[in-house]
> 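Mind having a look at this structure? Questions to follow.
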Amino acid sequence: MKRSIIVHGGAGYIKDLPAHKKGVEHAVRAGWEALENGASAQNAVKTAILILEDDPAFDSGYGSYLDLKGDISVDASIMLSNGNSGACSNVSSLRHPIELAIKIMEETDHLLIVGAGADALARRWGMKPEDLRTEKEIIKHKKLLKIISGKAASDEKEYYTKLRPFRDLSDTVGCVAMDDTGAFAVGLSTGGMRGRLPGRIGDTPVLGSGFYAGPSGAVAATGHGEKIMRHVSSYEIYRGIEAEGLKASLQGFLARSDIRDLDIGFIGLDKDGEPVWGHNSAHMSWAYIRDGNYDIFK
Ligand code: GLY
């Protein structure tokens, strides 16, 4: 028996740690139960992420962060150890973008579909937009607008400086699972960063940056997307597995002088199903179950 599963609920400064604890525990237990009932790694990842997308404690699905205009657009991705992958980005107000990413993987010849094209596919496959804005995020957005008002047009530098405190970055949900056949899957889902410019795309749908899966394991990222993408982070960590193992590769990556100050974090499984996690952000919420043994962030 090889099964193993790890989830994360985002990296950054997490204000409501109890809500994150409850949410990641619920998701990892549901994903584990699916594996125990014979689900593939892909379906276990989907099971866990659907739960996290429904939970307003997390920046994905219901409760997603709003962009500068006050709109919600979401990104998601999936990748399997056989190299199959699918992702969507800038999709309007979809509660479960992980389902769209999986359909893109299964039904199209493409890896990533964005914007109006992704919206059209979602409608075609019966996925309807919903109002996913929570009271909490509407209030945050109003405060953000007050603080930056006039700055975007007049002084771009000042606008970004003013925006920074709103980027608590406890963003993105992710899951990596291994099933009894030894196959891996990794999935991610996010509402992106608060106050981002409309059209901005982070790491979550970008293969190699936000996620990577192969025969030796799988890695999922969270945190500041631009920083994750600049270092092609998930593939960079995956690539070290053969030489030094996943744990050492992740620890070595996070300790690098150009990485150690970044608000980013990762989870992963190595080819024996051993869970690994690590972050340079203030917090990262995670939980895993392997061989029935459960652990969660402190
Ligand atoms: N890590 C998600 C994002 O930056 O959009």
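Numbering starts at 1 and runs along the sequence shown. From a predicted model like this one, the values you see are computed outputs, not experimental measurements.
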> Drop me the distance from Leu100's CG to Leu121's CG, to the nearest 0.5 angstrom.
6.5 Å
> Any carboxylate oxygen within less than 4.0 angstrom of a Lys/Arg side-chain nitrogen, looking at Arg239 and Glu236?
yes
> Ignoring hydrogens and angles, tell me if any N or O in the side chain of Ser77 forms a donor-acceptor pair with the backbone of Ala87 under 3.5 Å.
no
> In the structure I gave you, are the side-chain heavy atoms of His224 and Met193 within less than 4.5 Å of one another anywhere?
yes
> As an exercise, state the distance from CD of Gln42 to SG of Cys175, rounded to the nearest 0.5 Å.
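Nearest 0.5 Å value for the CD-SG distance: 12.0 Å.
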> I need the minimum non-hydrogen distance between Ser285 and Val24, along with the two atoms involved.
OG-CG1, 4.1 Å
> Which pair of non-hydrogen atoms, one from Ser64 and one from Gly191, has the smallest distance, and what is that distance?
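Distance-wise, the nearest heavy atoms are OG-CA, 3.5 Å.
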> Is it true that a side-chain atom of Ser92 and a backbone atom of Ser73 form a donor plus acceptor pair closer than 3.5 Å?
no
> For atom NZ of Lys247, is the number of surrounding heavy atoms from other residues, nucleotides or ligands below 6.0 Å larger than 12?
no
> If hydrophobic clusters are built by linking Ile, Leu, Val, Met, Phe, Trp and Tyr wherever their side-chain heavy atoms come under 4.5 Å apart, do Val206 and Val186 end up in the same one?
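Val206 does not cluster with Val186.
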> Can you check whether Leu68 reaches Pro198 side chain to side chain, under 4.5 Å on heavy atoms?
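Yes. Closest side-chain heavy atoms under 4.5 Å.
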> Salt-bridged, Glu107 to Lys103, with N to O below 4.0 Å?
yes
> Verify the cluster assignment for Met229 and Leu262: are they in a single hydrophobic cluster under the rule of side-chain heavy atoms below 4.5 Å apart?
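No.
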> What pair of heavy atoms forms the shortest contact from Leu188 to Thr204, and how long is it?
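For Leu188 and Thr204, the tightest heavy-atom pair comes out as CB-CG2, 3.6 Å.
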> Start with the C-alpha gap between Ile264 and Phe253, add the side-chain angles, then the distance that decides, and say whether side-chain contact (heavy atoms from CB on, under 4.5 Å) holds.
CA-CA 11 Å; Ile264 61 179; Phe253 182 79; 4.3 Å; yes
> Charged N to carboxylate O below 4.0 Å: is that the case for Arg256 and Asp258?
yes
> Kindly determine whether Asp55 and Tyr62 satisfy side-chain contact (heavy atoms from CB on, under 4.5 Å), including the steps that lead there.
CA-CA 6 Å; Asp55 188 334; Tyr62 180 59; over 6 Å; no
> Parallel, tilted or perpendicular: which one describes the rings of His283 and Tyr13, with boundaries at 30° and 60°?
tilted
> Begin with the C-alpha distance, continue with both residues' side-chain angles, and end with the deciding distance and a verdict on side-chain contact (heavy atoms from CB on, under 4.5 Å) for Leu246 and Ile237.
CA-CA 7 Å; Leu246 182 55; Ile237 293 165; 3.8 Å; yes
> For Asp179 and Ser40, does a side-chain donor sit closer than 3.5 Å to a side-chain acceptor?
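Their side chains do not contain a donor-acceptor pair, so the 3.5 Å distance test is not met.
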> Tell me whether Val232 shares a hydrophobic cluster with Tyr212, the cluster being built from Ile, Leu, Val, Met, Phe, Trp, Tyr side chains joined at under 4.5 Å.
yes
> Could you tell me whether a side-chain N or O of Asn280 sits under 3.5 Å from a main-chain N or O of Leu254, the two making a donor and an acceptor?
yes
> Given side chains that start at C-beta, do those of Glu99 and Trp125 come closer than 4.5 Å, heavy atoms only?
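No. Closest side-chain heavy atoms not under 4.5 Å.
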> Using distance alone, with no hydrogens and no angle criterion, decide if Ser281 and Asp263 have a side-chain donor and acceptor under 3.5 Å apart.
no
> Is there a side-chain contact between Asp54 and His96 in this structure, where contact means two heavy atoms from C-beta onward sitting under 4.5 Å apart?
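When only atoms from C-beta onward are counted, His96 and Asp54 do touch, with a gap below 4.5 Å.
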> Nearest 0.5 Å please: distance from the CD1 atom of Ile72 over to the CZ atom of Arg133.
7.0 Å
> Linking I/L/V/M/F/W/Y whenever any side-chain heavy atoms sit under 4.5 Å apart, do Trp32 and Val28 land together?
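Yes, Trp32 connects to Val28 through the hydrophobic network.
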> Using modelled atom types and a 3.5 Å cut-off, is there a donor and acceptor pairing between side-chain atoms of His8 and backbone atoms of Ala221?
yes
> Between Ile296 and Ala287, which heavy-atom pair has the shortest distance, and what is it?
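That would be CG1-CB, 3.9 Å.
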> Within this structure, what is the CG-CG distance for the pair Leu66 and Leu144, rounded to the nearest 0.5 Å?
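Reported to 0.5 Å precision, the distance equals 9.0 Å.
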> May I ask you to check if Arg29 and Tyr294 form a cation-pi contact, with NZ or CZ under 6.0 angstrom from the six-membered ring centre and within 45° of the axis?
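Satisfied, under 6.0 Å and within 45°.
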> Should we count CZ of Arg123 as having more than 12 external heavy atoms under 6.0 Å?
yes
> May I ask you to test the Asn90-Ile201 pair for a side-chain heavy-atom distance under 4.5 Å?
yes
> Looking at Asp270 and Pro275, would you say the former's side chain and the latter's main chain have a donor-acceptor pair under 3.5 Å?
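Judged by distance alone, no pair lies under 3.5 Å.
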> Side chains of His141 and Glu137: does their closest heavy-atom pair fall under 4.5 Å?
no
> Return yes when atom CD of Glu33 has more than 12 non-hydrogen atoms of other residues, nucleotides or ligands closer than 6.0 Å, and no otherwise.
no
> Between Met178 and Tyr238, is there shared hydrophobic-cluster membership here, with clusters defined by ILVMFWY side-chain heavy atoms closer than 4.5 Å?
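The answer is yes; both residues are in one hydrophobic cluster.
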> Tell me whether the count of non-hydrogen atoms from other residues, nucleotides or ligands lying under 6.0 Å of NZ in Lys69 goes above 12.
no
> Taking side chain as C-beta onward, heavy atoms only, is Val176 less than 4.5 Å from Trp277?
no
> For Cys88 and Ile113: C-alpha separation, side-chain torsions, deciding distance, then whether side-chain contact (heavy atoms from CB on, under 4.5 Å) applies.
CA-CA 5 Å; Cys88 56; Ile113 299 189; 5.6 Å; no
> If you take all heavy atoms of Ser234 and Phe211, which pair is closest and at what distance?
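Closest pair (atom of Ser234, atom of Phe211, distance): OG-N, 3.4 Å.
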> Give, for atom CG of Leu250 and atom CD1 of Ile267, the distance between the pair rounded to the nearest 0.5 Å.
10.5 Å
> Please give me the minimum heavy-atom distance between Thr134 and Gly63, naming the atom from each residue.
CG2-CA, 3.6 Å
> With rounding to the nearest 0.5 angstrom, report the CG to CG distance, Leu80 to Asn82.
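Leu80 atom CG to Asn82 atom CG measures 5.0 Å (nearest 0.5 Å).
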> Tell me whether Asp16 contacts the main-chain N or O of Ala57 through its side chain, where contact means a donor paired with an acceptor under 3.5 Å.
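No; zero donor-acceptor contacts below 3.5 Å.
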> Would you say Ser4's side chain and Arg290's backbone share a donor-acceptor pair under 3.5 angstrom?
no
> Taking the side chain as every heavy atom from C-beta outward, state whether Ser60 and Val74 have any pair of such atoms under 4.5 Å apart.
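They are not in side-chain contact.
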